[in-house]
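Values in this document were obtained by computation on a predicted structure and should not be read as measured data. When reading the values below, keep in mind they use all heavy atoms of this one structure, side chains included, and skip hydrogens, waters and symmetry mates.
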Amino acid sequence: MNIYGDLRYVPDEEYELYRTAKSEEVRDKYFKLLVEDLKESGTPPPRGDEFRKKFDAEHPLGWVEHREAFGPEGKYGKWLLQHKVIIKINDVIFLHGGISPKYARKTMKEFNQEVQEELEDLKRLQNGMIMDQDGPLWYRGLALEPENENGLGAHVDRVLKTHEAGRMVIGHTPMVAVLPRFGGKVITIDVGLSKFFGGPPALLIIEGSKFYALHRGQRLALPAEGGSALPYLKAAAALDPPPSPIQRLIEGKVETRSSEK
């Protein structure tokens with residue numbers, strides 16, 4: 001989002017970190033270029049101070065330097081463009097949002113290539129994969145939708161077969177704990193650690209073929225594929241300050257063995 005200019009989640013405090021002694025001069029130059037571009041396009045800005053005041057309010061000092069840092073040749077933009085949107089380590093797939101039925105046939109190479117091409121040519125974003133709510137960066141279905149409805153369980157099996165993987169690890173959607181879904185084939189690891197969400201300190205540990213959640217400092221074994229998640233959920237809930245939000249999840253399921261119909 002920083003690379004292509006969607007700055008909804010960037011607070012003014014972050015821009016302040018990019019501010020230098022020359023930030024006012026840098027912003028003035030950017031403003032003049034903007035005015036010239038508007039004039040050349042036939043839509044000159046209104047006269048008076050209001051346009052400049054609005055511009056300054058929307059572009060705090062450090063804003064220009066922040067945008068440069070996340071540009072394709074900037075310190076962070078250049079680094080981010082070297083990375084992939086989806087990777088596989090051993091037999092585990094890792095990605096931010098998830099793979100939706102819309103993109104079930106995509107290979108890892110196709111995912112990574114298309115995202116790279118869109119970030120290098122922002123004109124491709126409009127109808128591309130990056131901003132698509134069903135794309136790998138935004139899709140929430142594997143975290144939120146019922147596991148045994150609409151063929152989603154079969155979809156997970158097909159995706160894992162396509163990528164020759166055993167499990168998929170996803171983030172993006174804050175949950176009450178590290179959660180195994182679809183019989184342990186999908187593991188959600190976004191627990192809302194920020195102050196805004198107030199989630200528990202938790203993370204996923206993978207050691208060989210063993211999967212654990214470190215929940216509030218306690219290592220808990222995640223169920224094997226197809227196994228019941230209830231023992232894990234109860235153990236994690238017992239570590240939370242009461243009332244644990246995990247308890248509502250437990251009470252909402254008679255059995256959490258995802259492979260059962």
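Counting side-chain heavy-atom gaps under 4.5 Å among Ile, Leu, Val, Met, Phe, Trp and Tyr, the cluster of L203 also holds I205, Y212, L214.
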Intermediate values then yes/no, side-chain contact (heavy atoms from CB on, under 4.5 Å), Y139 and I99 = CA-CA 7 Å; Y139 182 60; I99 299 176; 6.0 Å; no

key: side-chain contact (heavy atoms from CB on, under 4.5 Å) assessment of M168 paired with L142   = CA-CA 10 Å; M168 187 188 315; L142 299 184; 3.6 Å; yes

ask   = Passes side-chain contact (heavy atoms from CB on, under 4.5 Å), I170 versus I187? Steps please.
value = CA-CA 6 Å; I170 60 174; I187 301 175; over 6 Å; no

request  = List the steps, then state whether salt bridge (Lys or Arg N to Asp or Glu O under 4.0 Å) holds for D121 with R124.
outcome  = CA-CA 6 Å; D121 181 4; R124 295 173 177 252; 3.8 Å; yes

request  = Assess whether side-chain contact (heavy atoms from CB on, under 4.5 Å) is satisfied between F31 and V35, documenting all intermediate values.
outcome  = CA-CA 6 Å; F31 177 76; V35 171; 3.7 Å; yes

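With hydrogens and angles ignored, the 3.5 Å screen pairs a side-chain donor or acceptor of K88 with a backbone N or O of H163. At distances below 3.5 Å, at least one donor-acceptor pair connects side-chain atoms of E118 with backbone N or O atoms of I130. In this structure a side-chain-to-backbone donor-acceptor pair under 3.5 Å is present from R167 to G184. R27 places a side-chain N or O within donor-acceptor distance of the main-chain N or O of H59, the cut-off being under 3.5 Å. Side-chain N or O atoms of E110 include one that pairs as donor or acceptor with a backbone N or O of T107 at under 3.5 Å. A distance-only check finds no donor-acceptor pair linking the side chain of S23 to the backbone of R19 [under 3.5 Å]. Using modelled atom types, one side-chain atom of T162 and one backbone atom of R158 make a donor-acceptor pair closer than 3.5 Å. Judged by distance alone, the side chain of N112 and the main-chain N or O of V85 form a donor-acceptor pair under 3.5 Å.
Residues L193 and I246 share a single hydrophobic cluster, defined by chaining ILVMFWY side chains whose heavy atoms lie under 4.5 Å apart. Hydrophobic clustering (ILVMFWY, side-chain heavy atoms < 4.5 Å, transitive): F196 and V191 are in distinct clusters. Under the 4.5 Å side-chain heavy-atom criterion for ILVMFWY residues, a single connected hydrophobic cluster contains both L230 and F211. F197 and M1 are assigned to two separate hydrophobic clusters, defined by single-linkage of ILVMFWY side chains at heavy-atom distances under 4.5 Å. Cluster annotation: L17 and Y9 are assigned to the same hydrophobic cluster (Ile/Leu/Val/Met/Phe/Trp/Tyr, side-chain heavy-atom contacts under 4.5 Å, transitive).
L152 and G141 make their closest contact through CD2-O, 3.7 Å (heavy atoms, listed as atom of the first residue, atom of the second, distance). Minimum interatomic distance between A202 and H215 (heavy atoms only, all atoms of both residues): CB-ND1, 3.9 Å. The nearest pair of heavy atoms linking E147 to G183 is OE1-N, 4.2 Å. When all heavy atoms of I250 and A237 are compared, the pair lying nearest together is CD1-CB, 4.3 Å. Minimum heavy-atom separation, P223 to S228: CB-O, 3.4 Å. Of all non-hydrogen atoms in L81 and P72, the two that sit nearest each other are CD1-CA, 3.9 Å.
M129 places a side-chain heavy atom less than 4.5 Å from the side chain of K106. Looking at heavy atoms from C-beta onward, L80 lies in side-chain contact with I3 at the 4.5 angstrom threshold. T188 is not listed as a side-chain neighbour of V178, based on a closest heavy-atom distance of 4.5 Å or more. The shortest side-chain heavy-atom distance between V26 and K29 does not fall under the 4.5 Å cut-off. When side chains are defined from C-beta on, F55 counts as touching Y30, because their heavy atoms get closer than 4.5 Å. Considering only heavy atoms from C-beta on, N2 comes within 4.5 Å of H66 through its side chain. A 4.5 Å side-chain heavy-atom check between T173 and L144 finds at least one atom pair inside the cut-off. Using a 4.5 Å heavy-atom cutoff, the side chains of L95 and L137 are not in contact.
The 12-atom threshold is not exceeded at CZ of R105, counting heavy atoms of other residues, nucleotides or ligands nearer than 6.0 Å. Within a 6.0 Å sphere centred on CG of N90, other residues, nucleotides and ligands contribute 12 heavy atoms or fewer. For NZ of K84, the number of neighbouring non-hydrogen atoms (other residues, nucleotides, ligands) closer than 6.0 Å is 12 at most. Atom CD of E58 has more than 12 neighbouring heavy atoms from other residues, nucleotides or ligands inside a 6.0 Å radius. Environment of CZ in R47: sparse, with no more than 12 heavy atoms of neighbouring residues, nucleotides or ligands closer than 6.0 Å. Other residues, nucleotides and ligands contribute over 12 non-hydrogen atoms within 6.0 Å of the CD atom of Q82.
Interatomic distance, L7 CG to F70 CZ, rounded to the nearest 0.5 Å: 9.5 Å. Annotation: the span from L125 atom CG to Y4 atom OH amounts to 7.0 Å, rounded to 0.5 Å. Rounding to the nearest 0.5 Å gives a distance of 6.0 Å between CD1 of I189 and CG of L204. Remark: I89 CD1 to I206 CD1 distance equals 7.5 Å, nearest 0.5 Å. Atom CD of Q247 sits about 10.0 Å away from atom CG of D240, to the nearest 0.5 Å. Once rounded to the nearest 0.5 Å, the distance linking OG of S41 with CD of E36 reads 11.0 Å.
Aromatic ring orientation, W63 versus Y15: tilted (interplanar angle from 30° to 60°). Relative orientation of the Y18 and Y76 rings is perpendicular, given thresholds of 30° and 60° on the angle between their planes.
A salt bridge between E65 and K75 is absent, with no side-chain N of the basic residue lying under 4.0 Å from a carboxylate O of the acidic one. Under a 4.0 Å N-O distance rule, the pair K22/D28 does not qualify as a salt bridge. Classification of E145 and R140 as a salt-bridged pair fails, no side-chain N sitting under 4.0 Å from a carboxylate O. Salt bridge absent: K54 and E50 never bring a charged side-chain N and a carboxylate O closer than 4.0 Å. For D157 and K185, the salt-bridge test passes: some basic side-chain N is under 4.0 Å from an acidic carboxylate O. A salt bridge is defined here as a Lys NZ or Arg NE, NH1 or NH2 lying under 4.0 Å from an Asp or Glu carboxylate O, and R8 with D6 meets this definition. A salt bridge is absent between D56 and K53; no separation between the charged side-chain nitrogens and carboxylate oxygens falls under 4.0 Å.
In summary, the side chains of N150 and H155 do not present any donor paired with an acceptor at a separation below 3.5 Å, with no hydrogens or angles considered. Using modelled atom types and a 3.5 Å distance limit, the side chains of D132 and Y103 yield a donor-acceptor pair.
Screening E114, E120, Q113 against Q116 for a side-chain hydrogen bond (donor to acceptor under 3.5 Å, both in side chains) leaves a single residue, E120.
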